[in-house]
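To start, the structure under review is shown below, and the notes come after it.
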Amino acid sequence: MAMMQVSTLGIRSSASGAAALNHHGRVYTSASGAMVGNKLMLAKLRCAVVKGRCCIRAEAGELSGDVHGEERKKVVVVGAGWAGLGAAHHLSKQGFDVTLLEAGAQPGGLVAGWKTPGGRSVEVGIHGFWYPYKNIFSLVDELGLQPFTQWTKSAQFSPAGLEVESPIFQDMPLLPSPLGTFVYTQFKRLPLLDRMTALPLMYAVIDFDNSNRAWEDYDSRSARELFREYGCSERVYKDAFNPMLLVGLFAPGELCSAAACLGMLYYFILAHQPDFDVVWCRGTVGEMIFKPWVAAMQENGCRFLSKKRVTDLVLDEATGSVTGVLCGEEHFPADAVIFSVGISAMQKIVPNSKVLRTREEFVNTANLGAVDVLAVRLWLDRKVPISMPSNACFGFDTTTGWTFFDLNTLHDEYKDEPGTVVEADFYHANQFLPLSDEQIVKKVQDYLAQCIPEFGDANVVDQAVVRFPKAVTHFFPGSYQYLMRGTTSFPNVYMAGDWIVNRHGSWSQEKAFVTGLEAANRVVDHLDQGELAKIIPVDADEPHVQELRRVNETAKGLLSQLPFSNFFI
């Protein structure tokens, strides 16, 4: 896109004077600069030439609309997590009038984090950024940020002690997938024979190609049923697969969709050797990424409004399009709307919305679920030796997975802290939420001491206990049919988030961000303005996986022609 500057002498191009043609053949340029008039002084303005018109928007002043009196097209984005910020970021760069509505006090939702009354940083769980998060890494490069640690090793504990150590896989000699994961992961207690029983499961990995057919086939059964069907030993399930599900899909295998299980395992672990490598934010995601990100969007004219709970939409019955978003008595006009909220938030919005509860896809969200999260941060009176900065744990509670992190190593804020600062995050923690803070802290201390005995000698000098019921998406068996798609029955209402069906192949934060960009692209197409966001695809399957999937698809096609091929479940 050709960048332009505005001066008191007029408009001049800083890129050979050429405007960019987007995918529709439309002209779109953007500009920034300063203009001084007899009665008008603006700190910043931007000029967008859209379809031959010059649209001027003042960032600090009274001027809005364009020189011909036409206003910019308005987009309202509901929810300011990865998905909503991703959509708003791209659309604000394309010259749209973007309003971002967030029910909380700050952008980022549950990911953002906040300060305790004593000024200490707290967040709802530590969030990793895995090797395949190419779109998020591209974003932070675009923003000029350096929020991440180096690649880190990780460990896994049970009440018996250390179970698994994982190296930095990209540093190891490259092997065809999934051999690198199988060979280089150091299992301390799990026998080779048990690990070998997992090999037949590779057929399901090949068969699950993230298509609609694959999701429908595998979503009807649980992950535990899948592992039993393919002959995995009880021990490899309990000591390897179920612990991954508890901290990856936030629920035990009997409560997780087999489709979601295969998608998550393939994306994070099996597709390519380095995929399990991870970096961490060197502070809260809110401070390190979201705060400067929102500032950059505000520079582009995006309006961020906090503590705005959406109550309904305004519908034009004649066209079937939504013309506005309501927050109580406040009305925000809209040419397009993007919902980028979690399942729990959507389930609160729909029953109170006269418009949304008339549409089946929104009403069906009542069938979906979310998982409770508990985050505990402890400040100790001494340093405890923690070999790995990130650690996953299993076997302490039947249905709950948890992780703990050495924040002295990961967070800049605590590098010089005299004692250890440790974060322990619990998923599917519904049985913990009713406990008092004191009960929870004692339980966490006991668990940590079973992993690393030196924790038993340390005293807690400060603590933060954060309970978040229904905080993260639960992909349970049968949930796929109720998950929403990126488009809706309203022609100008779109969806984004980690629970929205798409075919990109990513998961978690990366998927949320990608669906935000996809929603922005749908707005660009619908309103016929701007350029499409460039979405980096996941790395292609390795050649042997591609060939195996081709053979499998051919074989399934032949079998489908046989009599009674669809007769049995």
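Everything numeric in this text was worked out from a predicted model, so none of it was measured.
No donor-acceptor pair under 3.5 Å is formed between the side chain of N300 and the backbone N or O of C302. A donor-acceptor pair is defined here as one N or O able to donate and one able to accept, closer than 3.5 Å; such a pair exists between the side chain of S92 and the backbone of A88. Looking only at distances, no side-chain donor or acceptor of D397 sits under 3.5 Å from a matching main-chain atom of T399. Between the side chain of E102 and the backbone N or O of G104, at least one donor-acceptor pair lies under 3.5 Å. Panel note: side chain D312, backbone K354; a donor-acceptor pair is recorded below 3.5 Å. Proximity of a side-chain donor or acceptor of N521 to a complementary backbone N or O of A533 within less than 3.5 Å is detected. The backbone N or O of V493 lies less than 3.5 Å from a partner atom in the side chain of T488, making a donor-acceptor pair. Between the side chain of H504 and the backbone N or O of I536 there is at least one donor-acceptor pair closer than 3.5 Å. In terms of modelled atom types and a separation under 3.5 Å, the side chain of D335 and the main chain of K74 share a donor-acceptor contact. Side chain of T400 to main chain of H428: a donor-acceptor pair is present (N/O by atom type, distance under 3.5 Å, no hydrogens or angles).
M244 and M264 make their closest contact through O-CE, 4.0 Å (heavy atoms, listed as atom of the first residue, atom of the second, distance). The shortest non-hydrogen separation linking T515 to A83 is OG1-CB, 4.2 Å. Closest of all the heavy-atom pairs between N135 and F513 is O-CE2, 3.4 Å. For the pair C327 and F332, the tightest heavy-atom approach, listed with the atom from each and the gap, is SG-CE1, 3.9 Å. The two atoms that bring S506 and Y267 nearest to each other are CA-CE1, 3.5 Å, heavy atoms only. Nearest heavy-atom pair across C256 and L245 is SG-CB, 4.5 Å.
Dense packing is recorded around NZ of K134, with more than 12 heavy atoms of other residues, nucleotides or ligands lying under 6.0 Å away. Heavy-atom neighbours of R549 CZ from other residues, nucleotides or ligands within 6.0 Å: above the threshold of 12.
Taking the side chain as every heavy atom from C-beta outward, N430 and V371 never approach each other to under 4.5 Å. No side-chain heavy atom of F276 sits under 4.5 Å from any side-chain heavy atom of Y131. Between E317 and L315, some side-chain heavy-atom pair lies under the 4.5 Å cut-off. The closest side-chain heavy-atom distance from E216 to N212 is below 4.5 Å. Between P132 and V538 the shortest side-chain heavy-atom distance does not fall below 4.5 Å. The side-chain heavy atoms of P292 and L145, taken from C-beta on, include a pair separated by under 4.5 Å. Between V373 and V472, some side-chain heavy-atom pair lies under the 4.5 Å cut-off. Within the 4.5 Å cutoff, the side chain of L255 has no heavy atoms near those of the F476 side chain.
Under 4.0 Å is where a charged nitrogen must lie from a carboxylate oxygen, and between R213 and D207 at least one such pair does. The pair R467-D437 meets the salt-bridge criterion, since a charged nitrogen lies less than 4.0 angstrom from a carboxylate oxygen.
The distance from the CG atom of L368 to the OG atom of S344 is 10.0 Å, given to the nearest 0.5 Å. Considering CG of D425 and OG1 of T403, their distance stands at 4.5 Å, rounded to 0.5 Å. With values rounded to the nearest 0.5 angstrom, R221 atom CZ is found 4.5 Å from E229 atom CD. Remark: Y482 OH to E361 CD distance equals 14.5 Å, nearest 0.5 Å. In this structure, the separation between CD1 on I338 and OG on S340 is 7.5 Å, given to the nearest 0.5 Å. Within the model, atoms CD of Q298 and CZ of F304 stand 8.0 Å from one another, a figure rounded to the nearest 0.5 Å.
Take Y133 and apply the ring-ring contact (aromatic ring centres under 6.0 Å, His included) test, not counting sequence neighbours, and it matches no residue. Scored by the ring-ring contact (aromatic ring centres under 6.0 Å, His included) test, F339 finds no partners at all (sequence neighbours excluded). Here K307 pairs with nothing under the salt bridge (Lys or Arg N to Asp or Glu O under 4.0 Å) rule; sequence neighbours left out. Here W499 pairs with nothing under the ring-ring contact (aromatic ring centres under 6.0 Å, His included) rule; sequence neighbours left out. Partners of F137 under the ring-ring contact (aromatic ring centres under 6.0 Å, His included) rule, at least two apart in sequence or in another chain, are F148.
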Item to complete: In sequence, state the C-alpha distance, the side-chain angles, and the governing distance for K470 and I343, and then conclude on side chain to side chain contact (heavy atoms under 4.5 Å, CB included).
Response: CA-CA 9 Å; K470 311 303 178 187; I343 288 172; over 6 Å; no
Practice prompt. Would you sort out whether V247 and W402 count as a side chain to side chain contact (heavy atoms under 4.5 Å, CB included), showing the intermediate values?
Written response: CA-CA 6 Å; V247 298; W402 64 287; over 6 Å; no
Item to complete: For side chain to side chain contact (heavy atoms under 4.5 Å, CB included), just list the numbers for L139 and H89, CA-CA rounded to whole Å, side-chain angles, deciding distance to a tenth of an Å, and then say yes or no.
Response: CA-CA 10 Å; L139 169 72; H89 175 69; 3.9 Å; yes
Practice prompt. Please assess D219 against S257 for the test side-chain hydrogen bond (donor to acceptor under 3.5 Å, both in side chains), listing each intermediate value before the final yes or no.
Written response: CA-CA 5 Å; D219 187 62; S257 157; 2.6 Å; yes
Practice prompt. Could you go through the side chain to side chain contact (heavy atoms under 4.5 Å, CB included) check for D372 and F426 one step at a time?
Written response: CA-CA 8 Å; D372 298 340; F426 293 79; over 6 Å; no
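Applying the salt bridge (charged side-chain N to carboxylate O under 4.0 Å, His left out) test to residues at least two apart or on different chains, none of the pairs has a partner in residues 497-517.
Between F290 and W82, the ring planes are perpendicular. Angles over 60° get that label, and only those under 30° would be called parallel.
Each of V76, L101, V325 was compared with K308 under the side chain to side chain contact (heavy atoms under 4.5 Å, CB included) criterion, and only L101 meets it.
Geometrically, R485 engages Y480 in a cation-pi contact defined by less than 6.0 Å to the ring centre and at most 45° from the axis.
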